[in-house]
S.K.: 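Below: one structure in structure tokens.
This is a predicted model, so every value here is computed, not measured. Each chain gets a letter, A, B and so on, in the order its sequence line appears, and its residues count up from 1. All values below were derived from every heavy atom in this structure, side-chain atoms included, with hydrogens, water molecules and symmetry-related copies excluded.
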Amino acid sequence: MKVSQLLNPTLREVPAEAEVVSHQLMLRAGYIRKVTGGIYTYLPLGWRVIKKIEQIVREEMDAKGGQEVMLPIVQPAELWKETGRWEVYGPEMFRLKDRHGREFCLGPTHEEIITDLVKGEVRSYKQLPLLLYQIQNKYRDERRPRFGLMRGREFIMKDLYSFDRDAESSKISYQKMYDAYERVFKRCGLTFRAVEADAGAIGGSGGTHEFMVLAESGEAKVVFCPACEYAANVEKAECQPTAIPEQDMVGEKLTEVYTPGVKTIDELEDFLGAKKTSLIKAMIYKGDDKYFLILVRGDREINEIKVNNVLGPFINLRLAEPQEVEELLQCEPGFIGPVGLNKKIYIVADLEIAKMKNGICGANKKDYHLMNVSCGEDFTPDQIADLRMITAGEPCPKCGQSLKEARGIEVGQVFNLGTKYSEALRAFYLDEKGQERIIYMGCYGIGVSRTMAAAIEQNHDQDGIIWPVPIAPYHCIIVPVSVKDPELIATADRLYAELNALGVETVYDDRDERPGVKFKDADLIGYPYRLTIGKKALAEGKVELYNRRTRQIELISVEDASRKVQRIIEEELAKNK
RNA sequence: CGGGGCGUAGCGCAGUUUGGUAGCGUGCUUGGUUCGGGACCAAGAGGUCGCAGGUUCAAAUCCUGUCGCCCCGACCA
């Protein structure tokens, strides 16, 4: 491809709308353009990168026996109503009506469609296991699309669905996909980590792992153990209750103290000179129409995902509004606690609260708190569970070592769904004895467009993108220092022809621009290798081979140049295969 | 959805307080001089000032409404 013909508008300045580096660079280097919030056009180079990633995904899915299909984007509401997700998905789903008033949505995912297909077409155990996948646009009306391709409303996703005869076989499919994902991301040249995760709206009974590309700009927080294999999203990470040695193990007598205007944990700490570890944080949550009192230690954060999993699942679990608390308990938030509630409310205590003696909590009376509150003596929770957010430095639940924290971009997630969808949509098969049995499912997503963004987050410098070879839009760019010098052009033409013949994906910068402009553009766009053809070196029969990542320049003879580049590219492509 | 900010040429911005025929940089076009890390000179093209009402002799500027975008939070496979 000649640069003079390529639609690749580069920008000198950073567009004001772009916040994260991947977004900035994709706009500046001419990979994407925004159409509207969270929706982008892929320009030629951007689309080439997407196709590279898709191809890697395809190869790895096929290697595990996956079969590619194409599923509709416009999906009828009925299927979603059958699984209950028409309501569960809420405002995040793009909905539309046809001319007759029938309801549809733009598919945010495809469990319903695929299960419906399989239930119609799969009858026998002989057809299982079955792995079907698709790569296409998905739609989510995100509350806040942001960071360019990282969180869009329209995005490209690969979803594979596995269908198995039982839980055991389903586990094998899960492991296959887990392995395939490791290969995909390795081949894309990414530094990543698989972590235990929460299943969220997808639900299902089996386990789930998220594949996180480690990057500072990541929206997800993970903890991992430096000593063993354990790694988990903080949403999911199991917390061990830590002992508080200075706390007396014998419950003392309950005492009321006057604490005028002291509402927050910080204020309480100052006012009473108490440690946060002996304070009880009490929050009223509302799930659907029910209220719950959630208790964690003063130094801890409530993990709403755990709360929802313990109590719900609710469609809209949230912190109760102050007025709601007031109406419920005739006491403002800030002074509430589990002791002597004037109304029966379901109380759930964190593991650490269950062990607590002589703690401090609200008295359910304005401007008063209670001291020496002991769980089991002064109040009894209806349920005890792990409800809090983990923090770095806490012990690993597997081996006890101190956990470390990192940020990650979620590029993939694997779910063992069990029978959630097959039951709802009645997907059965007949076993050897002619007995009807339920199908076990799994689903496995990879955010293709997000992977592109993640790759840039992890592979860039001051001057631009540094593509890993397997997903670079082109492998090599030829830059003649001047297009007016016939000798340089003759050599450039020759190398261009040779490289194309050798199957090296090559761009030829034939523009009549000053060399600085071409170098800057090439660095910005991120071609892994550059062949620079200049007068001085050419006089000795040499050209320069520039490595974008190391910035090393090597003088090589014109004769060997094409072969050498070909060899390097082949080695790079083979590296993680 | 709550809080904040912004919509003026492809991109980055000034002009709005105090109404008076729209500007700078960059990019783009043409000519010339240049030519190894975003050159220089000259001449050009390019904007219903987000949109709709209103006030006024006169609106980018004041008023009302509306749409969109960005950031923080909440939320989220």
Side-chain angles (χ1 to χ4, degrees), chain A residues 7 9-20 23-24 27-28 30 33-39 85 88-93 107-111 138-148 150-153 155 157-159 161 197-204 208-212 219-220 233 235-236 304-305 308 314-319 321 409-415 417 442-447 450 462-464 479-485 488 509 511-525 530 532-538 543-544 546 551 553:
Chain A
L7 179 64
T10 56
L11 303 173
R12 290 195 181 201
E13 286 169 290
V14 181
E17 68 187 41
E19 180 72 6
V20 297
H23 190 196
Q24 293 175 349
L27 288 169
R28 280 193 61 207
R33 285 291 181 264
K34 183 171 76 178
V35 175
T36 184
I39 297 180
R85 293 209 298 179
V88 173
Y89 242 100
E92 206 164 275
M93 187 146 66
T109 175
H110 285 75
E111 281 86 4
K138 311 239 168 172
Y139 296 83
R140 289 185 202 166
D141 193 359
E142 294 281 350
R143 281 190 178 180
R144 181 136 98 87
R146 59 183 146 179
F147 302 155
M150 212 87 97
R151 179 168 294 273
R153 298 197 290 173
F155 53 98
M157 180 113 184
K158 184 278 313 183
D159 257 328
Y161 301 93
D198 182 74
I202 292 275
T208 176
H209 286 86
E210 288 168 334
F211 285 76
M212 296 285 189
E219 293 184 272
N233 191 314
E235 293 174 348
K236 168 79 177 176
E304 290 191 5
I305 291 179
N308 200 8
F314 297 111
I315 292 164
N316 48 3
L317 180 85
R318 60 171 174 83
L319 211 52
E321 299 291 335
I409 301 163
E410 183 200 335
V411 288
Q413 188 161 13
V414 290
F415 295 88
L417 295 173
C443 79
Y444 314 88
I446 289 180
R450 186 185 277 185
Q462 281 298 318
D463 292 306
V479 178
V481 163
S482 165
V483 295
K484 301 228 169 85
D485 184 327
L488 300 189
D509 197 344
R511 295 176 300 170
D512 183 11
E513 287 287 353
R514 296 164 62 86
V517 172
K518 298 188 188 183
F519 295 155
K520 285 287 186 191
D521 268 349
D523 282 352
L524 176 63
I525 292 160
R530 186 180 83 204
T532 313
I533 300 158
K535 211 175 172 83
K536 243 186 248 167
L538 192 60
V543 292
E544 282 171 26
Y546 165 90
R551 314 214 112 173
I553 290 173

S.K.: When the P atoms of B:U61 and B:G20 are compared, how many Å lie between them, rounded to an integer?
M.R.: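 About 10 Å, rounded to a whole number of Å.
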S.K.: Are A:Glu17 and A:Lys34 close enough for a salt bridge, meaning some N to O gap below 4.0 Å?
M.R.: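 Between A:Lys34 and A:Glu17 there is a salt bridge, with a charged N closer than 4.0 Å to a carboxylate O.
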S.K.: Ignoring hydrogens and angles, does a donor from either the side chain of A:Asp463 or the base of B:G37 sit under 3.5 Å from an acceptor on the other?
M.R.: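 Absent.
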S.K.: What is the distance, to the nearest angstrom, from the CZ atom on A:Arg514 to the P atom on B:C41?
M.R.: 13 Å
S.K.: Between the base of B:G12 and the side chain of A:Glu17, is there a donor-acceptor distance below 3.5 Å?
M.R.: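 Side chain to base: no pair below 3.5 Å.
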S.K.: Check if the side chain of A:Glu13 and the base of B:G25 share a donor-acceptor pair of N or O atoms closer than 3.5 Å.
M.R.: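 Donor-acceptor pair under 3.5 Å: yes.
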S.K.: If I take atom NE2 in residue A:His23 and atom C1' in nucleotide B:C71, what distance separates them, rounded to the nearest angstrom?
M.R.: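 For the pair A:His23 NE2 and B:C71 C1', the rounded distance is 14 Å.
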S.K.: Donor-acceptor check, side chain of A:Arg153 to backbone of A:Glu142, threshold 3.5 angstrom: yes or no?
M.R.: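 No, because the side chain of A:Arg153 does not come within donor-acceptor range (under 3.5 Å) of the backbone of A:Glu142.
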S.K.: Specify the separation, in whole Å, of atom CD of A:Glu544 and atom P of B:G36.
M.R.: 12 Å
S.K.: Let's test this: given Watson-Crick or G-U wobble pairing with both distances under 3.5 Å, identify the partner of B:C62.
M.R.: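 Its partner is B:G54.
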S.K.: Let me know, please, whether A:Thr36 or A:Val517 comes out on the 5' side of the other along RNA chain B by nearest nucleotide.
M.R.: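 The residue mapped nearer the 5' terminus is A:Val517.
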S.K.: Searching all strands shown, indicate the nucleotide that pairs with B:A9 (Watson-Crick or G-U wobble; both distances under 3.5 Å).
M.R.: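 Base partner found: none.
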S.K.: Does atom NZ of A:Lys236 have more than 12 heavy-atom neighbours, drawn from other residues, nucleotides or ligands, at distances under 6.0 Å?
M.R.: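 Incorrect, the count does not exceed 12.
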S.K.: Specify the separation, in whole Å, of atom CG of A:Leu524 and atom C1' of B:G37.
M.R.: 13 Å
S.K.: Taking the six-membered ring of A:Phe155 as reference, does the NZ or CZ atom of A:Arg450 fall below 6.0 Å from its centre and within a 45° cone about the axis?
M.R.: no
S.K.: Between A:Asp141 and A:Tyr139, does any side-chain donor sit less than 3.5 Å from a side-chain acceptor?
M.R.: no
S.K.: With C1' as the reference atom in both, quote the distance from B:C28 to B:C71 in angstrom, rounded to an integer.
M.R.: 32 Å
S.K.: Take atom P in B:G25 and the same atom in B:A14, then report the distance between them in whole Å.
M.R.: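 Here B:G25 and B:A14 have their P atoms 16 Å from each other.
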S.K.: Below 3.5 Å, does any donor atom in the side chain of A:Arg530 face an acceptor in the base of B:G37, or the other way round?
M.R.: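 Flag set: donor-acceptor pair detected.
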S.K.: Under the 3.5 Å rule, do the base of B:C11 and the side chain of A:Arg28 count as making a donor-acceptor pair?
M.R.: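 Counting by modelled atom types and ignoring angles, no donor-acceptor contact under 3.5 Å is found here.
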S.K.: For A:Asp512 and A:Thr10, take the nucleotide of RNA chain B holding the closest heavy atom to each; which residue's nucleotide lies nearer the 5' end?
M.R.: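 Counting from the 5' end, the first nearest nucleotide belongs to A:Asp512.
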S.K.: If you measure from the C1' atom in B:G36 to the same atom in B:A43, how many Å do you get, rounded?
M.R.: 30 Å
S.K.: For B:G31, what is the paired nucleotide under Watson-Crick or G-U wobble rules, both distances under 3.5 Å?
M.R.: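 Check on B:G31: paired to B:C41, both distances under 3.5 Å.
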S.K.: Under 3.5 Å for both donor-acceptor distances, Watson-Crick or wobble: does B:G36 have a partner, and if so which one?
M.R.: none
